[in-house]
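Sequence lines set the chain letters: A, B, ... in the order given, protein chains first and strands last, and positions in each chain run from 1.
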Amino acid sequence: MKALRTIWLTMALLLLTITGAAGWTGAATAAPASGKTYQIGTDITFAPFEYQDASGKYVGIDMDLMEAIAKDQNFKYEIKPLGFNAAVQALESNQVDGVIAGMSITDERKLKFDFSESYYDSGVSMAVRSGNEDIKSYGDLRGKKVAVKTGTQGYTVAESLAGEYGFTIVPFDDSAQMYDDVKGGNSVATFDDKPVLAYGQNQGNGLQVVEEIEMVKGGSYGFAVSKGQNAELLKMFNDGLTNVRNSGEFDRILANYLGENAKTPATQSTWGLIQESMPPLLKGLGNTLLYTIVSLLFASILGLVFGFMKVSHNRVLRGIATVYVDIFRGIPLIVLAFFIYFGIPQALGFTMPLFIAAILTLSLNAGAYVTEIIRGGIQSIDRGQMEAARSLGLPYRRAMIKIILPQAVRIMIPSFINQMVITLKDTSILSVIGLVELTQSGKIIIARTFESFTIWSVVMVMYLIVIIALTKLAERMERKLRHG
Amino acid sequence: MGKIRVEGLKKSYGTNQVLKGIDIEVKQGEVLCVIGPSGSGKSTFLRCINLLEDITDGRVVVDDKDISDKGVDINKVRENIGMVFQHFNLFPHFNVLKNIMFAPVELGKQSAEQARTTALRLLERVGLSDKADAYPHQLSGGQKQRVAIARALAMNPDIMLFDEPTSALDPEMVGEVLGVMKDLAREGMTMMVVTHEMGFAREVADRVVFMDGGYIVEEGPPEEVFGRPKHERTISFLEKVL
């Protein structure tokens with residue numbers, strides 16, 4: 001019993017530490033002004049329009065423009081770095097008030113969104129791995145693979161060319177992964193917005209723009225709000241844009257990122273990169289642990305309720321619990337996350353905070369497994385124990401609490417810690433809805449530095465340390481309990 | 001007036017009828033031994049007396065109260081009926097003392113202090129005073145069963161049910177358990193014992209019941225059932241076991 005108490009105490013302490021150390025979201029808030037704070041969704045990895053700098057601040061043309069306009073029009077906003085697709089979906093389901101993410105104004109998008117005046121005229125170019133001189137035309141792509149980001153102009157262009165030139169499209173959700181795919185040689189080329197590719201090349205991301213191919217004129221970037229909503233915000237953006245343009249500030253912003261004198265990164269040692277990355281990664285790890293523990297707490301409550309229903313004599317209760325387990329064990333976590341964060345708010349017309357969606361997703365999923373752990377634990381206790389307790393005159397509930405559960409819990413502990421490891425790893429899946437946990441923190445750093453190998457190595461090691469520590473704890477518990 | 005009265009007791013598991021109509025009365029202080037081949041329904045019969053098995057049909061009346069009636073608080077009834085199981089069913093997470101003290105304290109029958117005194121007295125009575133702090137897994141089978149008897153007695157019941165209490169024991173340990181049971185019988189406890197120990201039944205029982213196929217085939221004083229069995233099935237069973 002003492003061992004049990006130690007576990008709970010350790011977990012509670014861990015929880016307290018983490019709650020103190022980590023915030024719920026990785027959002028940046030602008031200078032306060034009167035009125036509501038607008039939630040602005042954006043991509044996380046779309047340099048030079050938006051990306052996180054070494055200090056963890058979101059910077060880029062879009063970010064600076066937003067800041068300048070907000071200052072000019074005196075409104076408050078909060079940046080939600082969700083990733084492009086998630087940001088667009090969040091706008092559709094009114095999870096955010098507006099999106100600025102280097103988003104091209106298209107007829108299709110106009111059906112769902114109201115756009116501001118265009119603030120940047122872009123186009124799509126093709127890039128290949130630095131030093132690759134074999135690809136000089138679309139024809140050279142025949143039989144090869146091309147990496148593109150889903151939902152972008154680059155994707156549309158690639159799609160329109162794929163049939164004619166006989167190449168295969170490999171879709172990605174974020175630019176860094178897409179570039180890595182080209183650098184790693186899986187794909188030979190990528191289609192992306194010209195300024196983005198040019199900026200990346202400047203920064204030494206390992207790709208080069210194929211200058212022999214003319215830019216496909218396309219995208220004019222605009223700021224978007226949900227159709228028929230936030231007209232006031234849209235007007236402020238347009239008015240602000242005009243002022244910022246007239247004052248020459250917008251040109252300064254552009255020059256800052258795209259001009260001749262644009263900053264190029266100082267070359268950095270691997271060790272320096274790791275040191276610089278540690279604070280955001282540790283914060284990400286803190287969030288990973290926080291979400292794991294909070295979700296497991298709720299999952300335990302769900303598991304207890306449904307677990308007891310599963311061992312009940314009442315057929316209806318058993319049925320309900322079985323349905324719960326079947327549903328949430330059967331839905332892939334990523335689909336559940338999308339459904340809860342984007343689907344439900346869109347259908348019901350309300351805003352779901354990210355942390356609630358994240359915890360709901362993990363809790364419902366882990367709850368199904370914990371239900372089975374608890375059911376298994378209770379049923380593994382010999383029937384004679386319940387009979388002996390009942391024969392002494394104990395009511396069912398007290399026999400359960402005093403006799404069955406204390407024995408069952410010992411049996412459940414290893415499975416429970418196993419579930420803890422699984423849930424901890426599963427939090428990484430929630431990066432798809434923009435949760436800044438360890439994996440997402442890694443992605444954000446790579447978006448800026450393009451250092452996949454180093455950062456993913458560090459992230460792996462961090463996961464391993466935590467999980468191996470948990471596993472060792474599980475083994476010790478098991479040994480201790482087995483030997484009474 | 002019987003202490004326990006069983007009338008037309010039937011028990012089925014789905015379509016499988018295990019008890020096909022049992023009628024019997026056990027008097028205050030009587031020791032009733034139930035014998036019979038395995039599968040005859042004798043354990044099920046015993047487990048119906050404290051409703052560990054729910055009854056399909058018929059009545060079980062204890063102290064003039066029909067315990068199969070829905071309105072009866074079965075927990076109260078069970079406080080008065082101790083039960084000893086074939087596989088002991090001691091609580092492995094409690095030590096011996098706690099096993100015995102647990103129910104009286106938990107159900108508010110005794111203070112922890114009183115329960116402790118009672119438990120130590122009962123342990124002395126079953127000859128295990130030195131094992132108070134031991135855990136069940138440190139005990140031999142015979143010791144476990146004696147603790148189980150003490151645990152049942154701690155609730156100070158009027159009736160004791162024994163479900164094959166020596167069947168899981170090594171032969172050399174059977175005697176110590178039967179010894180404790182003999183003492184109990186001498187002190188006037190009302191006992192129902194399902195057993196394969198014919199010697200014990202012959203020596204201690206006031207009445208022996210032979211069950212087969214879900215019926216009571218034959219009953220009577222041990223000297224009659226063992227000495228002059230009337231029924232053919234009783235004769236063939238006794239030939240096999242004696």
**OP:** Any chance you could measure Glu53(B), atom CD, to Glu387(A), atom CD, to the nearest 0.5 Å?
**Re:** 7.0 Å
**OP:** Could you name each residue pair satisfying ring-ring contact (aromatic ring centres under 6.0 Å, His included) that touches residues 42-88 of chain B, not counting sequence neighbours?
**Re:** none
Original post:
So which residues of residues 316-328 of chain A are in contact with chain B at a heavy-atom cut-off of under 4.5 Å?
Top reply: none
Original post:
Which region of Tyr135(B), side chain (C-beta onward) or backbone (N, CA, C, O), has a non-hydrogen atom less than 4.5 Å from a non-hydrogen atom of chain A, or is it both or neither?
Top reply: neither
Subject >> chain B-proximal positions within residues 360-377 of chain A [heavy-atom distance under 4.5 Å] >> reply: none
**OP:** Give the member of Arg151(B), Met83(B), Gln86(B) that has the highest number of heavy-atom pairs under 4.5 Å with chain A.
**Re:** Arg151(B)
Subject >> Among the listed options Leu90(B), Ile81(B), Val77(B), Leu161(B), the residue most often paired with chain A at heavy-atom distances under 4.5 Å >> reply: Leu90(B)
Subject >> Contact check, side chains of Ser391(A) and Val84(B), non-hydrogen atoms, under 4.5 Å >> reply: no
**OP:** Below 4.5 Å from any heavy atom of chain A, which atoms of Leu51(B) appear? Answer side chain, backbone, both or neither.
**Re:** neither
Original post:
What's the shortest heavy-atom distance between Met155(B) and Leu392(A), and which atoms?
Top reply: CE-O, 3.6 Å
Original post:
In terms of heavy-atom proximity below 4.5 Å to chain A, should Arg47(B) be classed as side chain, backbone, both, or neither?
Top reply: side chain
Subject >> With sequence neighbours excluded, residues passing side-chain hydrogen bond (donor to acceptor under 3.5 Å, both in side chains) with Glu113(B) >> reply: none
Subject >> chain A contact via Leu52(B) - side chain, backbone, both or neither, heavy atoms under 4.5 Å >> reply: side chain
